[in-house]
Amino acid sequence: MLGLGGKHIVNTYNLLVVIFVALGSFTTAYGLAIIGSTVGQPNFYTYFNLAPQGEPGYAHTTNQIGGLNGVNSAGAILGCLISAWTADKYSRKRTIQLGCAILIVGGALCAGSVSIGMFYAGRVIAGIGSGILAVVVPMYQGEVATAETRGAMMSVTGVMYAFGYALAGWLGFACFFFPADSSSATFAWRFPLAVQIIAPLIVLSGSAYIPFSPRWLLSQDRRDEAFEVVKRLHARPDDADHIAARQEFYLMEKQYEMDKSFPQRPLEIFRGKPNLYRCFVACLLMWGDQFLGIFVITNYGVLIYSSLGLLGFRPLLLNACWTTFTIIGNTWTALYIDKFGRRTFLLIGATGCVISLTFEAALTAEFLGSSNTAALNAAVFFIWFYIIWWCFFVDATQYVYVSEIWPNHLRSQGTALGIAFFYLASEVALVAAPVALNDIGWKFYLVLICPSVVYIILIYLYFPETKGRTLEEIGALFGDESHVASHWYGISEEEKQKIAENALRLTKQSGHIPLPSEVEAGLNEESNNVSGAASEKNDEKVDDARVERTEDKAV
């Protein structure tokens, strides 16, 4: 948000808050990725009496592996539904705490499993926690950021996802060398699974020090608290009067005053053309991204590398190396998404992923099982190309976009819907992938490529660009102009200056726009103590307050 005469730069406190809550995203990603390393540990197969790849009975093993991923995704869908309710009723902050607590229980069960049934139970519970955090963390990040920095702030989720993938990969690789004849050989897969509880423990322990979302506080009519949070989040040394914070809060309050007039009905996100349009975009985005094949590559990369003739520790090493590259890609997204835009990144990313999968399918169809080392190495290269392209353009972008397209009063429900479709699609892909890769080989890639081509066309036709706009004004892009109280994107500098001056004038006493009841109360009090001239001045004050509530519609 621009202040009077300068550009707002994110302060240290705001950045630390965003990074701290993103540790929840870190553990979500780690929990998703660690199964990819677990299935590369020989002792995992031995302990649970599962046949390793290439031996009789491996078909049963693929069913078990698919099931472990399937129940995790099913738990995540349930977590999304829980988050949609708790984020509004109990706050984004309390929902983050809930997700961390559930993940700790699920991770502990997985690490301590003494039977495959116990492992399944742990994966379900961990999935619930992951689903909760997958919804609420980027939503919270977006609500504490400014319009100009929102993409970068929310992309921290993608960066933390990358760190989670990388740590899971390197721990899996390191634990491969744990002595197989040791009495503690299960350490090789138990320890990496146990590590997933560290980050949620940290977040849960330090969560008392993070603020409530100011937009949630406004929805609860806790206006003074909300204003204090905004001041802390957007303070800067050269803005002693908190001009940027007052300006931001001014626009937020105007929108929430309008939001109060909206109907609060069940399933409101499915009512009206603008909301249905958002539903279509959110569901298509997360379903389409999943069918680009990322979870297939991340969770079963070790199996794919093994099928290409890489044996021993090499699949785990390659898995660890590519996950490290995702850190670079997601950081790049955080730095440039606000410059180039979400829609642009999604189009470039999806196109690159489809091209790489096409080459992968062709090389696998022609050379899998052959002794052509060059061709098989090329197949490995295109897996890497796919991963790099995904993490540079798609990974973080999807979490930014799916959360910011919803209006304030529907954001938790809408974000939960989109993330639920992400996990629903992963349910289909992850359960089918190990069986399909074993039974039909390269043809499984066609199941990913064909719908992804259609997905790219639909992005081009229906996904609006949201960069640079406040959360409150994005609704205009979805045909919801009548429900947008104020505008910031695309207006002149003179109009921005006027908004800033009005924000300062109207919030100079209490920090927030005076409510009609507050103005009337002030009038009644002053009418008993001042002259008719002062009363006339108060009348002007009432008129000013009323005019200011509607002025931005004209803008």
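Reckoned from all heavy atoms, side chains included, excluding hydrogens, waters and symmetry mates. Residue numbers count from 1 along this sequence.
Separation of atoms CH2 (Trp389) and CD1 (Ile348) is listed at 7.0 Å; rounding is to 0.5 Å. Atoms OG and CD1, on Ser426 and Ile294 in that order, are 12.0 Å from each other to the nearest 0.5 Å. A distance of 10.0 Å separates CG of Leu81 from CD1 of Ile132, quoted to the nearest 0.5 Å. Rounding to the nearest 0.5 Å places CG of Leu417 at 5.0 Å from CZ of Phe270. In this structure, CD in Glu427 is found 10.5 Å from CD in Gln290, a value given to the nearest 0.5 Å. Distance CD1/Ile104 to CG/Leu109: 12.0 Å, rounded to 0.5 Å.
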Exercise. So His409 and Ser219, side chain to side chain contact (heavy atoms under 4.5 Å, CB included) or not? Walk me through it.
Worked result: CA-CA 8 Å; His409 64 297; Ser219 72; over 6 Å; no

For this session: Would you please test Ser83 and Thr95 for side chain to side chain donor-acceptor pair (under 3.5 Å) and show each step?
Result: CA-CA 7 Å; Ser83 187; Thr95 303; 5.3 Å; no

Problem set entry | Step-by-step ring-ring contact (aromatic ring centres under 6.0 Å, His included) determination, Phe291 to Tyr455 | CA-CA 9 Å; Phe291 265 79; Tyr455 172 53; over 10 Å; no

For this session: Check the pair Leu167, Phe26 against side chain to side chain contact (heavy atoms under 4.5 Å, CB included), reporting the backbone distance first and the verdict last.
Result: CA-CA 10 Å; Leu167 181 60; Phe26 167 87; 3.5 Å; yes

Exercise. Should Asn11 and His234 be marked as a side chain to side chain contact (heavy atoms under 4.5 Å, CB included) after you check the CA-CA gap, both sets of side-chain angles, and the distance that decides it?
Worked result: CA-CA 6 Å; Asn11 68 18; His234 303 322; 5.5 Å; no

For this session: Please step through salt bridge (charged side-chain N to carboxylate O under 4.0 Å, His left out) for the pair Glu268 and Arg278, ending with a clear verdict.
Result: CA-CA 12 Å; Glu268 186 65 31; Arg278 293 184 183 98; over 6 Å; no

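A salt bridge is defined here as a Lys NZ or Arg NE, NH1 or NH2 lying under 4.0 Å from an Asp or Glu carboxylate O, and Glu225 with Arg232 fails to meet this definition. Checked for salt-bridge contact, Arg223 and Glu257 meet the test: a charged N lies under 4.0 Å from a carboxylate O.
Taking the six-membered ring where tryptophan is involved, the planes of Phe340 and Phe345 are essentially parallel, since the angle between them stays under 30° and well short of 60°. Between Trp332 and Phe393, the ring planes lie perpendicular to each other; the angle is over 60°, past the 30° to 60° tilted range. Tyr165 and Tyr161 have perpendicular rings, their planes meeting at more than 60° on a 0 to 90° scale where under 30° would count as parallel.
The shortest distance between side-chain heavy atoms of Arg215 and Leu471 falls below 4.5 Å. The shortest distance between side-chain heavy atoms of Cys100 and Leu133 falls below 4.5 Å. Taking 4.5 Å as the limit, some side-chain heavy atom of Met153 sits within range of a side-chain heavy atom of Asn14. Contact annotation: the side chain of Gln141 never approaches that of Val400 to less than 4.5 Å [non-hydrogen atoms, C-beta and beyond]. Between Tyr13 and Pro211, the closest side-chain pair of non-hydrogen atoms falls below 4.5 Å. Contact of the Tyr399 side chain with the Ile419 side chain is registered, since non-hydrogen atoms from C-beta on lie closer than 4.5 Å. Between Val203 and Ile96 the shortest side-chain heavy-atom distance falls below 4.5 Å. Using a 4.5 Å heavy-atom cutoff, the side chains of Ile197 and Leu103 are not in contact.
A pairwise comparison of heavy atoms in Asp338 and Lys467 identifies O-CD, 3.7 Å as the closest pair. Scanning all heavy atoms of the two residues, the minimum distance from Arg469 to Arg150 falls at O-NH1, 2.7 Å. Minimum interatomic distance between Val136 and Ala87 (heavy atoms only, all atoms of both residues): CG2-CB, 4.5 Å. Of all heavy-atom pairs between Glu143 and Ser213, the closest is OE1-OG, 2.5 Å. The shortest non-hydrogen separation linking Ala166 to Ile327 is CB-CD1, 3.9 Å. Closest heavy-atom contact between Val135 and Ala416: CG2-CA, 3.7 Å.
A donor-acceptor pair is defined here as one N or O able to donate and one able to accept, closer than 3.5 Å; no such pair exists between the side chain of Trp390 and the backbone of Gly349. Side-chain atoms of Gln413 never come within 3.5 Å of backbone atoms of Leu410 as a donor-acceptor pair (strictly under, hydrogens ignored).
Residues satisfying the side-chain contact (heavy atoms from CB on, under 4.5 Å) test with Val281, not counting sequence neighbours, are Tyr277, Tyr401, Ile405, Phe463, Phe478.
Aromatic ring centres of Phe249 and Phe227: separated by under 6.0 Å.
Geometric assessment of Arg343 against the ring of Tyr460 yields a positive cation-pi assignment under the 6.0 Å and 45° thresholds. With a 6.0 Å cutoff to the six-membered ring centre and a 45° limit on the axis angle, Arg222 counts as a cation-pi contact of Phe212.
Counting heavy-atom neighbours within 6.0 Å of Phe20 CZ, excluding the residue itself, gives a total above 12. Residue-environment remark: CZ (Phe280) exceeds the threshold of 12 foreign heavy atoms within 6.0 Å.
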